[in-house]
Amino acid sequence: ATTLNAQKYSTIWNRPSQGLNHEPQTTEHMKKIRTKTGCIVAFVAVAIAIVTGVRSCLHPLTSGSGFSLTQQSHTDATHAVLNHIKQLGEWEFLSIYDEVLIDTTRSRFLAQDDELVRIYHGTLRLGIDMDECTQEWVTSEGDSLLFHLPPIQLLDQNFIDEARTRSFYQHGEWDSQTREALYLRARHAMVQRCITPENLKKAEENAIQQIKALLRTLGYTKVKVVIN
């Protein structure tokens with residue numbers, strides 16, 4: 001028989017889920033995510049610098065002449081930034097750290113029952129897969145931009161940090177199939193606890209705020225974001 005019985009060990013293991021607390025990551029995958037985020041910021045900074053430089057250089061030439069190259073440069077910079085965002089792939093807006101304790105027992109005749117208790121740690125990343133955007137994911141009307149984005153989802157299915165998984169208590173010998181079963185139960189428990197309507201809404205709010213802030217740096221004050 002297998003049970004999810006963290007309460008049984010509460011006197012010696014009392015570390016509840018950290019909810020929305022962020023846990024520093026050291027895996028290569030999380031380093032790539034940070035690199036992507038840094039690329040967005042750097043790319044926008046370059047775009048702004050280009051637009052600002054073009055405006056400064058052309059101001060004496062375009063003042064009072066109706067020349068529109070500055071506006072064209074701003075539009076080109078905006079398209080470049082949007083294309084860069086589209087090519088990022090996964091864009092994270094909320095990470096949730098969690099840990100669970102999973103145990104299983106095996107009855108033995110006239111002997112102490114075998115028991116295995118393991119602790120699992122994981123970080124679930126909620127965000128948008130930009131590869132799922134339609135061709136018309138951004139539309140414009142005058143000085144307004146409208147974003148149509150795919151739904152918030154779990155970006156990485158392999159979110160358990162197996163390097164940190166350890167046996168809290170073990171009595172008896174256990175095969176790899178049993179350990180795999182415990183892993184799957186831990187994964188299921190984390191999904192049930194963390195992928196909640198509240199967390200999905202929070203990730204959606206973060207997405208809207210970040211995208212609007214990003215576009216404000218390019219001069220767009222009228223930005224609407226629709227997440228399916």
Side-chain angles (χ1 to χ4, degrees), residues 18-25 29-52 54-55 68 70-98 122-157 159 190-228:
Q18 299 301 309
L20 299 181
N21 289 348
H22 291 255
E23 183 79 354
Q25 299 298 310
H29 188 68
M30 293 307 296
K31 288 179 181 178
K32 292 179 181 179
I33 295 300
R34 287 198 297 269
T35 301
K36 288 182 178 180
T37 304
C39 287
I40 297 176
V41 176
F43 196 84
V44 171
V46 171
I48 295 173
I50 292 174
V51 172
T52 303
V54 170
R55 284 177 175 171
S68 61
T70 301
Q71 179 61 33
Q72 182 62 44
S73 299
H74 177 267
T75 301
D76 291 344
T78 301
H79 284 311
V81 171
L82 294 178
N83 289 334
H84 187 72
I85 293 174
K86 180 72 163 54
Q87 295 171 4
L88 285 176
E90 297 177 348
W91 194 352
E92 176 189 322
F93 295 107
L94 183 68
S95 63
I96 310 163
Y97 170 75
D98 196 18
T123 300
L124 293 78
R125 300 185 301 108
L126 301 183
I128 292 174
D129 187 349
M130 301 301 292
D131 291 336
E132 297 180 2
C133 291
T134 63
Q135 289 186 346
E136 298 182 352
W137 70 290
V138 181
T139 57
S140 62
E141 184 176 345
D143 60 348
S144 302
L145 287 178
L146 175 60
F147 287 78
H148 301 270
L149 299 176
I152 298 292
Q153 58 182 289
L154 179 63
L155 296 177
D156 185 4
Q157 299 297 324
F159 52 80
M190 289 185 183
V191 168
Q192 293 296 311
R193 284 162 39 147
C194 299
I195 310 300
T196 63
E198 293 78 12
N199 285 343
L200 291 172
K201 181 179 179 181
K202 180 63 176 177
E204 185 174 313
E205 292 173 349
N206 289 345
I208 294 173
Q209 292 175 3
Q210 290 186 33
I211 292 173
K212 286 185 175 181
L214 183 65
L215 270 297
R216 276 198 296 269
T217 62
L218 291 174
Y220 290 93
T221 58
K222 299 179 181 178
V223 179
K224 182 177 181 181
V225 181
V226 177
I227 298 179
N228 296 330

Engineer: Apply side-chain contact (heavy atoms from CB on, under 4.5 Å) to P150 and list each qualifying residue two or more places apart in sequence or on a separate chain.
Structural biologist: I128, E132, C133

Engineer: I want to check something: taking the side chain as every heavy atom from C-beta on, are L82 and F147 in contact at a cut-off of under 4.5 Å?
Structural biologist: yes

Engineer: Decide yes or no for I96 and T123: does some side-chain heavy atom of the first lie under 4.5 Å from some side-chain heavy atom of the second?
Structural biologist: no

Engineer: With I208, which residues qualify under side-chain contact (heavy atoms from CB on, under 4.5 Å), at least two apart?
Structural biologist: E204, K212, V225, I227

Engineer: For the residue pair M130 and L149, establish whether any side-chain heavy-atom pair is separated by less than 4.5 Å.
Structural biologist: yes

Engineer: Could you tell me which residues satisfy ring pair (Phe, Tyr, Trp, His ring centres under 6.0 Å) with F93, sequence neighbours excluded, listed by chain and number?
Structural biologist: W91

Engineer: Using the side chain to side chain donor-acceptor pair (under 3.5 Å) criterion, which residues pair with Q157? Sequence neighbours excluded.
Structural biologist: R187

Engineer: Does a side-chain heavy-atom distance below 4.5 Å link L154 with R125?
Structural biologist: no

Engineer: Check side-chain contact (heavy atoms from CB on, under 4.5 Å) between S144 and all other residues, then give those that pass, not counting sequence neighbours.
Structural biologist: K222

Engineer: Quick one: are E198 and K202 in side-chain contact, heavy atoms under 4.5 Å?
Structural biologist: no

Engineer: Is any side-chain heavy atom of Q153 closer than 4.5 Å to one of L126?
Structural biologist: no

Engineer: Nearest 0.5 Å, what's the CG-CG distance between N199 and L94?
Structural biologist: 6.0 Å

